[in-house]
Each structure stands twice: as C-alpha cells, then as structure tokens.
Amino acid sequence: MKFSVTVTLKKDVLDPQGKVVSQTLKNMGMTNLIQIRQGKFFEIDLDEKNPSKAQDQVKEMCEKLLSNQIIEDFKIKQKE
Amino acid sequence: MKSSVVVFPGSNCDRDIAVTLEKLQFKNTMVWHKETKLPKSDLIVIPGGFSYGDYLRSGAIAAKSNILNEVIKAGNDGSLIIGICNGFQILIECGLLQGALLRNFGLKFISKDIFIKIQSNKNKFFNKYKKDEVVKLNIAHNEGNFFTDKKHLKELEDNNLIPIKYCDEKGNITNASNPNGSLNNIAGIFNKNKNILGMMPHPERMSDKICSDDSGLPLFLSLMN
C-alpha cells in the first residue's frame with residue numbers, strides 16, 4: 001500500500017527558506033506571488049493490506065519520526 | 001566523578017569534551033550509540049557535531065538510537081545530562097527537553113565567538129559563574145534558532161529554566177546580539193528538574209587558555225561542586 005506524506009512548518013513558525021525562495025521568484029518577475037512555504041515530501045511503500053492498519057502506521061511514523069509536531073504539521077495521502 | 005560521552009556517526013566535538021573532562025580528573029568513557037548499556041555515570045554528555053549528517057532534522061535520527069533509551073532513563077532518574085549544540089538538538093528530538101531548534105534566522109551557518117549572560121547560577125551547571133556574568137563562548141551551528149510555544153516559554157521563564165541568553169560584550173540582551181534569531185535570545189534551557197541542560201554554545205572549546213580561552217571551564221567545575 002502506497003502513501004505520500006507532506007510535512008510543512010506550522011503557520012506561525014517562520015520559514016526563512018520559503019521566504020528566500022518566494023523573494024527570488026518575485027525578483028524573477030512573478031509579482032502576483034503571495035507566499036511560499038517550503039516543506040518535505042515522503043513516499044511510503046508499506047507491506048500491509050488492511051487500509052486502516054496501514055493508515056495508523058503511517059500516522060505513527062509521522063508522529064514519532066517524520067515530523068516534529070511542535071513546529072510542523074503533516075498530511076497523509078493514500079495513493080493506491 | 002564518572003562521565004560518559006555518547007558518540008554517533010558524525011559527532012565531532014566528542015574528543016574535545018573528553019579532553020576537558022579528563023583534564024579535570026573525570027573518569028570518562030566514550031559510549032558508541034549502538035551500545036544498549038550506559039556505564040554508571042554522574043554526568044552524561046551528548047556532544048556536538050553532525051550526527052547522521054543532519055538527515056531529516058538535526059538530531060532526529062540520533063534520538064532514536066539504542067543508547068538514547070538508556071540516556072532517557074538516566075535523565076528521568078535524575079542523572080546530570082548536558083547536550084551541546086547537536087547534543088541540544090538530540091535532547092529536544094528525544095523529548096528530554098521541549099521546544100525546537102529551527103534553521104538560523106539568516107539562513108547561514110554561524111561559527112564565531114559570542115557572549116552569553118548567566119541568568120541563574122543556582123543550579124548544578126552554572127554555580128561557578130556569577131549571576132549576570134558575561135561569558136565569551138563559541139557557537140558553530142546551522143540550526144540553533146530556539147523556538148517553543150507560549151505555554152512552554154512561560155514555564156521556562158517562571159521557573160528559572162533559561163540559564164543563559166545571548167548578549168553583547170557589555171551584557172545587553174538585544175536583537176543585535178542575537179546571532180541566530182532565537183526566541184528571547186535563549187542560548188540554553190533546562191528541563192523542569194534542572195538536571196538536564198541543552199545549550200548551543202560550546203563550553204568545551206573554551207576550556208584551556210592554550211586553545212583560545214578558559215571561559216567555559218567554570219561550567220565543568222560547577223558540575224564537580
């Protein structure tokens with residue numbers, strides 16, 4: 001079973017990398033750009049057939065290692 | 001006193017701190033991260049460096065290593081633990097300390113001498129310094145920008161759990177003297193029981209006048225006091 005996970009900084013946490021990327025794009029002429037927040041993306045392939053078990057396990061991965069919940073949020077998407 | 005320095009792949013301040021501890025007659029053991037037992041120690045050091053190449057988040061992988069289970073147990077039982085730089089990041093990632101260390105505000109790796117002001121010396125780590133003393137130490141990090149939520153910040157402030165803050169040479173704690181954007185110029189924090197300290201500056205790099213200065217030495221003398 002395949003999942004994708006996106007980890008991004010929480011709204012009120014400063015994202016200096018996103019800011020620099022956003023500023024650079026603006027300098028390149030994309031003036032209608034409002035903001036960019038940079039994050040991390042994980043593709044997870046799990047040997048588990050039960051969807052709810054697999055979901056729970058990916059959630060556990062996010063909570064225990066893939067994200068730091070003080071500063072980051074995560075989103076899980078099932079792919080197949 | 002007995003000490004243990006935990007070593008990960010990518011640690012690079014482990015030798016420096018071992019030399020400092022041995023100079024002060026600590027009986028020190030280097031402990032590889034794969035070990036499952038920690039020697040009986042009065043002090044456990046999580047040294048600086050780039051454990052696991054800072055993959056995922058600085059300290060995140062090291063925080064899940066075998067030996068950290070033992071460090072967490074010892075910390076909860078009251079052993080003295082100091083995490084310096086990457087060690088501070090590891091202590092946060094493993095949950096012994098709260099908060100987060102974000103990328104430096106200016107997005108640059110900073111390696112330079114800075115000044116810290118001792119906020120509180122009534123603890124095991126800073127009792128050989130005077131309160132409000134201004135101390136020169138070195139920092140070398142990319143993720144030292146301390147951040148935490150309002151509730152935790154209040155808890156830190158109300159309970160004297162912020163022993164050191166970045167300041168200028170004269171001791172003024174200002175935005176200009178904040179090298180990395182750290183919340184309220186915080187350079188280091190304690191856990192609730194003050195037996196666990198995480199700090200970004202490197203006291204072991206200033207433990208001998210031959211190298212640069214010995215302004216970090218009182219920290220280790222405090223531990224022996």
Side-chain angles (χ1 to χ4, degrees), chain A residues 2-28 30 33-48 53-77 79, chain B residues 51-52 54-66 68-69 72 86 88-110 141-156 175 178-184 186 189 191 198:
Chain A
K2 288 186 176 166
F3 292 88
S4 67
V5 166
T6 318
V7 177
T8 44
L9 285 169
K10 282 184 197 287
K11 243 197 208 156
D12 52 348
V13 176
L14 181 77
D15 174 16
Q17 290 187 84
K19 250 187 172 170
V20 169
V21 172
S22 157
Q23 193 51 51
T24 307
L25 288 169
K26 278 182 192 165
N27 294 346
M28 288 161 70
M30 301 182 196
L33 178 63
I34 296 167
Q35 69 159 345
I36 284 196
R37 303 281 288 173
Q38 189 173 323
K40 290 174 190 151
F41 180 74
F42 302 86
E43 284 178 331
I44 298 169
D45 198 351
L46 211 55
D47 183 13
E48 172 63 66
K53 251 192 192 169
Q55 276 274 358
D56 287 352
Q57 204 183 333
V58 174
K59 189 164 172 264
E60 192 186 344
M61 289 178 185
C62 292
E63 287 167 353
K64 289 194 172 162
L65 185 65
L66 300 183
S67 75
N68 174 348
Q69 291 181 89
I70 293 170
I71 49 166
E72 293 168 328
D73 290 323
F74 60 84
K75 266 187 210 140
I76 301 170
K77 219 170 146 188
K79 289 173 93 178
Chain B
S51 59
Y52 296 91
D54 279 348
Y55 289 1
L56 193 63
R57 291 178 307 278
S58 309
I61 308 288
K64 305 294 177 196
S65 59
N66 286 345
L68 253 289
N69 294 325
I72 291 167
N86 187 220
F88 186 9
Q89 295 161 342
I90 294 167
L91 289 180
I92 281 189
E93 283 288 345
C94 78
L96 282 175
L97 293 173
Q98 280 178 270
L101 287 157
L102 303 174
R103 192 121 186 235
N104 294 341
F105 178 74
L107 287 178
K108 286 198 174 94
F109 184 95
I110 308 168
H141 60 246
N142 199 36
E143 283 89 14
N145 178 353
F146 182 79
F147 178 84
T148 196
D149 56 40
K150 278 183 188 153
K151 190 173 154 252
H152 181 223
L153 180 64
K154 189 171 182 318
E155 191 184 306
L156 290 173
N175 277 342
N178 186 344
N180 53 24
S182 234
L183 189 65
N184 291 7
I186 291 172
I189 60 164
N191 66 332

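In what follows, chains carry the letters A, B, and so on, assigned in the order in which the sequence lines appear, proteins first and then strands, with residues in each chain numbered from 1. A quick note: this is a predicted structure, and the numbers were derived from the prediction, not measured.
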For each of B:I92, B:L102, B:D149, tally heavy-atom pairs with chain A at distances under 4.5 Å, and name the one with the top tally. B:L102

For B:K154, does the NZ atom sit with more than 12 other heavy atoms under 6.0 Å from it, leaving out its own atoms? no

What do you reckon, is OH of B:Y55 surrounded by more than 12 foreign heavy atoms closer than 6.0 Å? no

Count the heavy-atom pairs under 4.5 Å between each of A:L14, A:L66, A:D12, A:L9 and chain B, then report the option with the highest count. A:L66

Could you look at B:L56 and say if it's the side chain, the backbone, both or neither that has a heavy atom under 4.5 Å from chain A? both

Which heavy atom of B:G99 sits nearest to which heavy atom of A:N68, and what is that distance? O-ND2, 4.2 Å

Nearest 0.5 Å, please: how far is OG1 in B:T148 from CD1 in A:I71? 10.5 Å

Heavy-atom closest pair, residues A:L65 and B:R57: O-NH2, 2.8 Å

With a sphere of 6.0 Å drawn around CZ of B:F105, does it hold more than 12 non-hydrogen atoms of other residues, nucleotides or ligands? no

Residues, nucleotides or ligands: over 12 heavy atoms within 6.0 Å of A:K53 NZ: no

Which atoms of A:V7 approach chain B - backbone, side chain, both or neither, heavy atom under 4.5 Å: neither

Neighbour count >12 (heavy atoms, 6.0 Å) for atom CG, A:N27: yes

Of all heavy-atom pairs between B:N104 and A:P16, which one has the smallest distance, and what is that distance? O-CG, 4.3 Å

Got a sec: does the NZ of A:K40 have more than 12 other heavy atoms crowding it under 6.0 Å? yes

Which portion of A:Q69 sits near chain B, non-hydrogen atoms under 4.5 angstrom: neither

B:R103 (side chain) donor-acceptor with A:D15 (main chain) under 3.5 angstrom: no

